[in-house]
Amino acid sequence: MQKYWKLLLSQVKLDTAYSLRFWAGSITSVIRLVMLYAFWQAVYENRTTIVDISLEQMLTYSVLAVLLSSYIAGAGTQLAAGVLNGDVAIELMRPYDYINKLISLDLGSKLTSIIRETLPMLVVALLFIGIHAPHSWEHALLFLFSTLTGILIGAQIDLVVGLLSFWTINISGLRILRASFLLFFSGTLVPITLFPQWLQIVCTYMPFPSMVFVPVSIYTGQIQGADIYPAIGLQLFWLLVCWMVSRLFWLLAKRRITIFGG
Amino acid sequence: MIEVRGLSKHYRIAKRKQGLLGAIQGLFIRKYTSKKAVDDISFTIASGEVVGYIGSNGAGKSTTIKMLSGILTPTSGDVLVNGIVPYRERQKNAKKIGAVFGQRTQLMWDLAPRESYDLLKHIYQIPEAIYQKNLHEMTEKLQLHSLLDIPVRQLSLGQKMRCEFVAAFLHDPAVVYLDEPTIGLDVAAKSRIRSFIKQMNEEKGTTIILTTHDMQDIEELCRRIIIIDNGQILYDGDLHAVKNSFLHEHVISFELDEEKEEILIPGELEGLVTYIPEEGNSNKLTLSFHPETISAAQVIAAVLHHYRVRDVSIAEPKIESIVQEIYERGA
């Protein structure tokens with residue numbers, strides 16, 4: 001277990017190796033936040049609510065969604081890069097489980113992005129944009145749990161996309177597809193409740209809303225009361241499914257390297 | 001230490017028809033051909049041996065190494081490394097092996113080598129005392145002290161390769177695979193790395209398998225070579241023996257002090273050597289002979305006895321030419 005912890009720390013060291021890059025990341029994320037603010041200000045200029053959502057609610061939702069969306073990626077990119085340049089073979093010569101290593105590294109970069117992006121964004125959001133507090137204490141706790149689940153789902157989906165590179169070698173197309181699906185259907189761009197009814201129904205059959213929309217809506221109170229637990233249940237269901245799919249793909253991928261030589 | 005018996009690995013390769021039509025057809029129906037990357041090879045390597053594993057590109061070298069390190073599952077045959085079947089217990093095997101790939105890096109590019117070593121310490125679970133001792137010894141041998149805290153990306157290729165070697169040997173592996181470890185290095189860096197390999201082999205008894213196209217590496221490090229071509233072993237044995245058995249001709253050139261119309265072979269060498277005529281040079285006498293019928297010293301003595309000689313040059317048999325010949329014979 002300790003080696004995975006050390007791997008995680010090594011990623012933190014890597015991410016902080018270049019101070020300019022580090023601070024540029026902070027500044028970029030704050031700029032993103034400012035743009036978000038300006039956008040919704042403009043949208044709300046001539047009205048007070050959109051589908052019963054006030055400006056303050058919308059800003060709270062959007063800020064949290066953007067914060068969360070930087071955590072729903074995962075180890076897939078690294079994996080795909082490893083497959084493309086052939087490093088996977090060397091990785092298999094090491095006494096660790098390659099997937100667990102990648103997950104450790106990914107957790108490491110998430111740890112750095114808390115400091116690099118999330119904290120500065122939170123400070124700016126709280127001081128200047130004025131996001132409101134969670135709906136209630138219960139909602140706050142459930143939000144944290146739901147967020148964690150959402151992040152884990154995102155990591156698994158990313159891994160699956162990365163694992164596909166064992167068959168396709170290059171996955172840049174798939175990654176773009178994944179990114180655009182995520183942006184739209186996870187609810188990062190706008191709350192899913194703004195979608196037309198039929199699209200909302202389609203969304204319930206996809207794992208994406210569980211990644212951002214569900215946790216953030218629990219925070220803001222757009223999902224409340226008796227609706228919360230089924231929503232979290234659905235999240236856990238998707239997590240299980242995604243986890244099983246990623247493990248299956250990894251088994252197949254491992255078989256492919258060891259039998260076909262990658 | 002390493003036992004390989006009847007080892008084979010067959011790949012399935014998608015066969016494509018030529019042209020656009022063939023490419024489109026290949027999207028729907030594929031025909032596969034089987035390629036025998038490694039075909040029924042057997043050898044045993046004892047603990048502490050340094051073995052040169054030679055073959056042209058695509059001969060099956062990497063495939064063999066991959067099976068020895070557990071990355072590939074053999075199609076048939078047995079492999080045993082340190083008493084472990086590598087592809088069944090990959091991680092257990094991985095703890096006892098090390099590797100250097102001349103074309104790849106195992107160090108973290110953006111960080112100093114020390115950080116990579118520290119991470120390896122945890123990955124291989126090296127006890128702190130042994131880690132400190134090994135790190136100290138190895139940096140001493142490779143003269144790396146001043147490089148340990150510089151990010152890898154700022155190191156030269158030679159410096160980086162020396163760092164790679166520490167990474168490969170840090171956990172006292174029983175077997176180390178070296179895949180073209182001196183590729184692209186200058187003479188000084190090569191010789192430093194060779195002497196390091198020698199030292200590690202002598203002091204720690206590390207078994208070393210070296211694949212390379214650099215014959216100097218082989219000649220300086222290996223007593224035994226295995227030559228592989230088309231997935232089959234062409235030769236397995238002593239390096240000097242292969243030199244003698246595959247080498248028919250030694251060649252000696254004499255530059256004579258005076259120009260002569262016709263250069264005659266000294267009488268006592270008649271029938272034992274062959275005269276190789278040289279164009280344009282009327283003062284050159286070039287003789288070839290088989291080392292088993294007559295020694296180089298005898299040839300030189302005889303010529304010196306008859307002529308005044310300004311210069312002598314002996315063409316040392318190069319392992320390259322032998323390997324070349326073996327390849328050609330094998331094909």
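Naming convention: chains lettered A, B, ... in sequence-line order (proteins, then strands); numbering from 1 in each chain. Given the structure is predicted, the values throughout are model-derived calculations rather than measurements. Just so it is clear, the values below take in all heavy atoms, side chains as well, and ignore hydrogens, waters and symmetry mates.
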Name the region of Tyr4(A), side chain, backbone, both or neither, that has any atom closer than 4.5 Å to a heavy atom of chain B. neither
With a 6.0 Å cut-off (strictly less than), is the heavy-atom count around CZ of Phe128(A), excluding the residue itself, greater than 12? no
Using side chain to side chain contact (heavy atoms under 4.5 Å, CB included), reason through Met93(A) and Tyr177(B) one step at a time and then give a plain yes or no. CA-CA 11 Å; Met93(A) 283 178 82; Tyr177(B) 303 103; 4.1 Å; yes
How long is the gap from NE2 on His122(B) to OH on Tyr96(A), to the nearest 0.5 Å? 14.5 Å
Around atom CZ of Arg153(B), are there more than 12 heavy atoms from other residues, nucleotides or ligands closer than 6.0 Å? yes
Side chain to side chain contact (heavy atoms under 4.5 Å, CB included) between Glu91(A) and Gln106(B), worked out: CA-CA 9 Å; Glu91(A) 292 290 347; Gln106(B) 314 181 59; over 6 Å; no
Measuring from atom CG of Asp97(A) to atom CD of Gln91(B), what distance do you get when rounded to the nearest 0.5 angstrom? 6.0 Å
More than 12 non-hydrogen atoms from neighbouring residues, nucleotides or ligands closer than 6.0 Å to NZ on Lys36(B), yes or no? no
Please look at Leu9(A) and chain B and tell me whether the side chain, the backbone, both or neither of the residue comes under 4.5 angstrom of a heavy atom of that chain. neither
How far does CG of Leu111(B) sit from OG of Ser10(A), to the nearest 0.5 angstrom? 7.5 Å
Of the backbone (N, CA, C, O) and the side chain (C-beta and beyond), which part of Lys101(A) lies under 4.5 Å from a heavy atom of chain B, both, or neither? neither
More than 12 heavy atoms of other residues, nucleotides or ligands under 6.0 Å from CG of Leu127(A): is that the case? yes
Does Met206(A) CE have over 12 foreign heavy atoms under 6.0 Å away? yes
Could you go through the side chain to side chain contact (heavy atoms under 4.5 Å, CB included) check for Lys3(A) and Leu119(B) one step at a time? CA-CA 8 Å; Lys3(A) 54 185 155 190; Leu119(B) 185 59; over 6 Å; no
Please name the pair of heavy atoms, one in Ala94(B) and one in Pro95(A), separated by the smallest distance, quoted to 0.1 Å. CB-N, 3.6 Å
Is the count of non-hydrogen atoms from other residues, nucleotides or ligands lying under 6.0 Å from Tyr18(A) atom OH greater than 12? yes
Determine yes or no for a side-chain-to-main-chain donor-acceptor pair under 3.5 angstrom, with Arg94(A) supplying the side chain and Ile123(B) the backbone. no
Pick one of side chain, backbone, both or neither for Ile71(B), based on which atoms fall under 4.5 Å of a heavy atom in chain A. both
Looking only at heavy atoms and a cut-off of under 4.5 Å, which of Gln125(B), Met67(B), Arg104(B), Lys95(B) has the most pairs with chain A? Arg104(B)
Decide if atom CH2 of Trp167(A) counts as having more than 12 heavy atoms of other residues, nucleotides or ligands within a radius under 6.0 Å. yes
Looking at CZ of Arg21(A) and CG of Asp110(B), how far apart are the two atoms once the value is rounded to the nearest 0.5 Å? 6.0 Å
